[in-house]
Amino acid sequence: MADAEDWKQERERLDLVTKKLQARIDELEPEVAGLHDQVVGIRKQFWEEVTVNTSTDEDFEETFYSIRQQEALLSERERSQRLRVQQWKNMKRLLSSPYFGRIDFQEDGLSFTEQVYIGVSSFVDSDGMSFLVYDWRTPIASMYYDHSPGAAGYDTPGGAVSGIMKLKRQYQIRDGRLQNVFDTSLTIGDELLRQVLGKGADNQMKSIVATIQREQNAIIRDDQSRMLIVQGAAGSGKTSAALQRVAYLLYKHRERLKADQIVLFSPNPMFNSYVSTVLPELGEENMQQTTFQEYLDYWLGRTFRIEDPFDQIEYVLTEQSNQGYEARLKGIEYKASLEFLRALRSYAQWLEQEGMVFISIRFRDRDLITAEQMASKFYSYDPAIRLSNRIALMQEWLLRELSLLERREREALWVQEELDYLDKDQYAEVYNALHKERGVFDFAEQYEEVREMLNNERRPDEGDFNYADREEELLRKMIVKEQFKPLKRSVKRMLFIDMVGLYVQLFQDEDAFKKMTEGAESPSLWSEICGQTREKLNRLELFYEDATPYLYLKELIEGVRTNTEIRHVFVDEGQDYSMFQYEFLKKMFPRARMTVLGDFGQAIFAQATELYGGDSPLVRLYGESETSLFRLVRSYRSTREIVEFTKSLLPNAKEIVPFERSGKKPLLVKAGGGERQAARIAGHLAALQAEGFVSIGVITKTAAESKEAYDLLTSHGCRGLKHVTKNTPTFEKGILVIPVYLAKGVEFDAVLIYDASSRTYSRESERKLFYTACTRAMHRLLLYARGEWSPFIQALDSSLYELDGAE
């Protein structure tokens with residue numbers, strides 16, 4: 001804590017900076033408003049100031065340059081307005097808390113010590129030279145996160161700077177008032193961090209720039225790695241660090257990187273709303289946010305109804321008695337593997353020699369171009385030509401063939417019949433075309449006049465121009481062209497390829513599979529896996545585990561639809577993606593760097609990928625030389641008591657280190673089920689709310705159990721409950737009844753595990769699911785059981801929890 005003199009000086013300095021901030025805001029406000037009015041005025045008067053004259057080449061040129069001049073003026077005014085508005089927003093953001101940290105640094109070779117105050121954005125004094133506040137992303141500010149007082153340094157574009165850090169100080173400032181001052185030798189004083197972590201959970205994630213730890217700072221500022229993998233314990237700040245990383249990248253590369261060139265793949269749509277305010281809070285635009293399911297739906301949703309990962313996990317958790325359950329699990333595992341990806345590549349090579357399946361192009365109940373003709377044409381091309389290039393040649397050939405067939409079709413009998421039913425707009429269109437051919441441009445487009453001329457064969461200035469024949473020719477051309485449009489459109493969309501048939505073809509039997517994939521080994525129960533897959537595809541439905549392989553095969557055949565604009569891809573809950581999906585993302589975004597965040601301890605989906613370690617296939621995706629690995633083992637979310645309880649649930653979680661913030665031990669309650677359980681939970685919910693907890697999660701294993709819990713608690717008088725499903729769009733405060741797989745990535749003040757009995761959590765495959773549910777709690781964790789406790793709890797040391805008095 002600073003002494004009285006330091007406190008006085010810090011308060012005076014804060015007052016000075018606050019006054020200068022307010023003065024700058026007052027100065028900018030009329031400029032911002034004035035520029036806005038100018039932009040609106042220029043837009044409104046844009047065409048009034050420009051005379052459009054194209055009579056001569058000189059007039060056209062003068063008009064062109066006049067428009068360009070007005071456009072440049074408007075663009076400059078809009079750019080000035082954006083800059084001023086951004087400055088104004090930054091000043092407003094700083095006003096309530098101008099800075100959170102300070103370092104005193106003496107650079108080697110210099111005699112003076114610079115005081116560096118650090119905040120969420122920079123603020124320069126009126127002289128334009130003196131920084132009153134440095135943006136946390138500036139190179140000099142990195143010392144605040146990376147060094148203790150003593151020898152210190154930082155990297156700049158011009159080289160490394162070294163010197164002595166003489167002081168590191170942290171502040172709590174609220175509404176422009178100095179609350180606390182801490183001097184520390186750590187990245188951030190434990191007392192300040194304890195106060196931040198002790199606050200209640202919010203419905204939206206907050207910025208952590210004031211509490212970034214050294215290991216998080218290394219993640220944030222790494223912009224050399226092609227692949228950055230973060231394996232972090234539950235509550236270790238993985239996602240928070242990733243969002244600050246986005247802000248850092250946008251700041252450092254602001255001249256060449258825009259927010260829409262960054263995409264975040266989130267675990268579910270609700271999570272998108274949970275993190276949506278972090279970047280705006282730091283003065284940056286939000287990046288693109290989506291889910292992998294939304295990406296699949298975009299490309300395949302018009303053809304299939306695609307199972308989502310939540311329906312898949314519901315099947316895994318609830319259908320153990322299903323006759324095909326073991327085969328489905330084997331299929332999920334295999335279709336997520338690199339072995340299946342390699343099999344698809346081999347299959348694509350086999351298709352270059354034989355086996356391509358096409359769909360005949362039919363018109364008015366007859367084949368115009370048969371599938372056999374297409375196959376013959378396809379295999380007539382040079383075998384050295386790649387599969388996707390041959391498909392492109394096929395597409396061009398089909399369009400030419402359709403154009404020839406379209407011309408021949410004009411003489412068909414059905415066209416004559418169509419001529420008798422044309423409407424006035426179609427006649428007018430042909431009439432106009434004929435007059436243009438004759439060089440006549442001033443005429444009336446009147447239907448009755450046209451009909452009279454056609455009926456009486458009256459033609460203006462016919463000469464040797466056969467008006468009647470030409471008119472019928474144009475009408476026939478128009479009719480057939482309109483009918484052939486859908487055929488050409490389908491060829492352009494490559495619908496002549498039987499993609500469903502090509503994928504089904506893989507799942508005939510084991511011998512056929514080996515033949516088509518250069519001897520790839522199929523998993524056990526392959527025959528049953530094939531049957532399940534074919535049955536689903538025949539209904540134009542896709543298992544979730546089939547969606548990415550199907551799309552991958554489609555790209556191998558039709559050509560890859562890459563996105564070269566995206567420069568950074570972030571994958572949250574990365575352990576729940578398969579290596580197949582990672583390979584696909586690499587292929588889809590060839591110019592992007594990838595940041596993967598996850599915790600293998602929370603790998604609850606069947607296609608999980610090990611993130612960390614030299615033997616991880618994810619490390620091999622870009623190669624060890626281009627991959628950086630970070631491990632975050634300190635857990636900040638939960639109290640020490642909750643962390644000690646949860647880390648004991650996993651055999652390989654002993655390295656997790658709790659932050660020293662104490663609270664109550666997890667409470668185990670034998671509830672008995674039914675009305676008695678509802679009464680106990682309702683009583684605890686009321687008590688927790690009375691304590692001031694506003695974000696409470698009642699976490700269940702499955703969607704069906706969450707519906708049961710919601711109905712039971714509602715009928716027992718609990719008010720204000722919110723039932724969260726996979727379609728819930730936003731994360732809100734209050735009491736949420738939610739399946740565990742939808743609670744990933746979010747946190748609650750208190751968590752109530754609806755049923756922690758052996759009937760709900762007993763299989764080894766459910767251990768990580770149970771761990772994930774318990775690690776959502778920040779301050780309080782309560783577990784209920786209708787009968788015998790889960791074996792995961794029975795194996796724990798009894799000192800890690802408390803038993804309810806009724807136990």
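The analysis underlying the following values was restricted to heavy atoms, covering all of them including side chains, and did not include hydrogens, waters or symmetry mates.
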Please determine whether the number of non-hydrogen atoms from other residues, nucleotides or ligands lying under 6.0 Å from atom [atom1] of [X] exceeds 12.
X	atom1	answer
Arg11	CZ	no
Arg254	CZ	yes
Lys586	NZ	yes
Asp26	CG	yes

Can you tell if the side chain of [X] reaches within under 4.5 Å of the side chain of [Y], non-hydrogen atoms only?
X	Y	answer
Gln106	Glu114	no
Asn180	Gln170	no
Pro269	Glu294	yes
Met143	Phe105	yes
Glu555	Arg561	yes
Ile229	Thr627	yes
Gln22	Ile25	yes
Thr18	Leu95	yes

Quick one, Val124 with Met129, criterion side-chain contact (heavy atoms from CB on, under 4.5 Å). Give me CA distance, side-chain angles, the key distance, then yes/no.
CA-CA 7 Å; Val124 182; Met129 300 292 292; 5.8 Å; no
Charged N to carboxylate O under 4.0 angstrom, [X] versus [Y]?
X	Y	value
Glu747	Arg776	no
Asp576	Lys744	yes
Asp135	Arg137	yes
Glu565	Arg591	no
Lys258	Glu285	no
Glu644	Arg640	no
Arg13	Asp15	no
Arg634	Glu215	no
Glu27	Arg24	yes

With sequence neighbours left out, the residues meeting side-chain contact (heavy atoms from CB on, under 4.5 Å) with Thr562 are Val560, Thr564, Pro590
Please enumerate all residues that pass side-chain contact (heavy atoms from CB on, under 4.5 Å) together with Asn90, with sequence neighbours excluded.
Gln86, Arg93, Ser121
Check whether [X] reaches the backbone of [Y] with its side chain - one donor and one acceptor, N or O, closer than 3.5 Å.
X	Y	result
Lys168	His147	yes
Lys768	Gly601	no
Lys238	Gly232	yes

Which atom names give the shortest non-hydrogen contact between Tyr144 and Gly101, and what distance separates them?
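Minimum heavy-atom separation between Tyr144 and Gly101: CE1-CA, 3.8 Å.
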Which atom of Tyr636 lies closest to which atom of Gln216, heavy atoms considered:
CE1-NE2, 4.4 Å
Just grab all the salt bridge (charged side-chain N to carboxylate O under 4.0 Å, His left out) pairs involving residues 220-229, residues at least two apart or on different chains.
Asp223-Lys252
Any side-chain donor paired with an acceptor under 3.5 Å for [X] and [Y]?
X	Y	answer
Asp108	Ser162	yes
Arg245	His568	no
Asp599	Gln575	no

Set out, in order, the CA-CA distance, both residues' side-chain angles and the distance that settles side-chain contact (heavy atoms from CB on, under 4.5 Å) for Leu296 and Leu551, then state yes or no.
CA-CA 8 Å; Leu296 293 172; Leu551 189 54; 4.1 Å; yes
Between Thr646, Val643, Val657, Ile642, which is the residue that forms a side chain to side chain contact (heavy atoms under 4.5 Å, CB included) with Ser635?
Val643
Which class fits the ring pair Phe584 and Tyr295: parallel under 30°, tilted 30 to 60°, perpendicular over 60°?
perpendicular
